> 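First the structure, then my questions, so here it is.
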Amino acid sequence: MPELPEVEYERRRLQRVMTCARIQRVVTRRANLRYAFPPDFAPRLESQTVVAVRRRAKYLLAELESGDVLLMHLGMSGGFRVADGDAEYDRHDHVIFELSTGAVVIFNDPRRFGFMTLLRADDIESHRALARLGPEPLSARFGAAILARALGRRRTPLKIALSDQRVIAGLGNIYVSEALYRARLSPKRRASTLVTRTGTPRPALDDLVRAIKDVLRVAIRNQYRTRAADPFLVYDREGERCPRRGCGGTITRIVQGGRSTFYCPVCQR
DNA sequence: CTTTCGTCCTGACTGC
DNA sequence: TGCAGTCAGGACGAAA
């Protein structure tokens, strides 16, 4: 479930706890998550100081003083918790970082779709997972022009295109549905119909860009508030009345690419 | 090149 | 009450 807003929230927490701290001890409590840990994972991390914790798409990157980067993905159920000295661990606590400050950072991931690996400074740009990622939706340069280039030749439905991390980085199943709802665009609409034949953005694409940015900004803000409650307008609300004033439609669930999409067939076109 | 599909994993949930 | 079956999700590699 972690998409860009949840990962950004985790980044800010880790940034606060880990920056300037030295990693004293690393414990991997099983041999693999999604992938096996590199054989020298713990030794290479130990005694290094964390310079910063960054985010790219749904990846977290802890930069170390050596220039190496601890690359982390939360998969679908991953998350961190911070304890002081003596923590109790459960069976899904897979990686423990003991810091020089006395804080202990614990990575928990029941479904183990997440992973961690350690990259040499020179390998970061070329890393398989990072090299192909599309633009960051909250960056200043992300706009209709960039998105037009990515969508222009796409024949897939909008929902599928926006879920592709090479088109735009960081959206997942939930926020794609939410953004399309805000933009009043049907998830079934062909991606290329938001772009003219000459490759310039149509007005609907401007709406979509604004909707994506708004939905992500609000979601990041919401992380600090009601993390338990679902603040979603359409996601997982099949059968409910469309919340848009005067619409009267019913939120509908369809399956696209093997995943659920939620939308209002009345106001999303 | 683009697009689709199966796979990994566990917990929550449904139905008998 | 128990147990089998289904579903959810992100990324990736294989196949079309």
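Not measured: the values here are computed from a predicted model. Proteins get letters first, then strands, A, B, ... in listed order; numbering begins at 1 in each.
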> In whole Å, what is the span from the CZ atom of R166(A) to the C1' atom of dT2(B)?
8 Å

> Using whole Å, report how far CD1 of I174(A) lies from C1' of dC7(C).
15 Å

> Check whether any side-chain nitrogen or oxygen of R91(A) sits under 4.0 Å from OP1 or OP2 of dG11(B), and answer yes or no.
yes

> In whole angstrom, give the distance that lies between atom CG of D164(A) and atom P of dC12(C).
11 Å

> Consider the side chain of H73(A), meaning its heavy atoms from C-beta on, and name the nucleotide among dG11(B), dC12(C), dG10(C) that approaches it most closely.
dG10(C)

> In whole angstrom, what separates I168(A)'s CD1 from dG10(C)'s P?
14 Å

> Would you kindly give the CZ-to-P distance between F113(A) and dC8(B), to the nearest whole Å?
10 Å

> Please identify which of these residues, E6(A), E63(A), E136(A), E10(A), meets the salt bridge (Lys or Arg N to Asp or Glu O under 4.0 Å) condition with R55(A).
E136(A)

> Is the distance from OP1 or OP2 of dA8(C) to the nearest side-chain N or O of R253(A) less than 4.0 Å?
yes

> Return no unless some side-chain N or O of H92(A) is found under 4.0 Å from OP1 or OP2 of dC9(B).
no

> Measure from CD on E6(A) to P on dG10(C) and round the result to the nearest Å.
10 Å

> OP1 or OP2 of dG11(B) less than 4.0 angstrom from a side-chain nitrogen or oxygen of R111(A), does that happen here?
no

> Are any of Q165(A)'s side-chain N or O atoms less than 4.0 Å away from OP1 or OP2 of dG10(C)?
no

> How do R259(A) and P157(A) order along DNA chain B: which one's closest nucleotide is nearer the 5' end?
P157(A)

> Where the side chain of R112(A) is concerned, which of dG10(C), dT3(B), dT10(B) is the nearest nucleotide?
dT10(B)

> R149(A): which residues meet the side-chain contact (heavy atoms from CB on, under 4.5 Å) condition with it, sequence neighbours left out?
none

> Quick one: does R244(A)'s side chain have a donor or acceptor within less than 3.5 Å of a partner on Y181(A)'s backbone?
yes

> From dT4(B), dG10(C), dA11(C), pick the nucleotide closest to the side chain of N173(A)?
dG10(C)

> Is it the case that the side chains of T261(A) and Q256(A) hold a donor-acceptor pair, with the cut-off being a distance below 3.5 Å and no angle test?
yes

> Where the side chain of R154(A) is concerned, which of dT3(B), dA8(C), dC12(C) is the nearest nucleotide?
dT3(B)

> dA8(C), OP1 or OP2 - any side-chain N/O from S260(A) closer than 4.0 Å?
yes

> Does the D93(A) side chain pair with the main chain of I96(A), one donor and one acceptor, at a distance under 3.5 Å?
no

> Considering only side-chain heavy atoms of T156(A), which listed nucleotide, dA11(C), dC8(B), dT4(B), is closest?
dT4(B)

> Between F115(A) (CZ) and dC9(B) (C1'), how many Å, whole number?
16 Å

> Grab the CE-C1' distance between M76(A) and dT7(B) for me, whole Å please.
15 Å

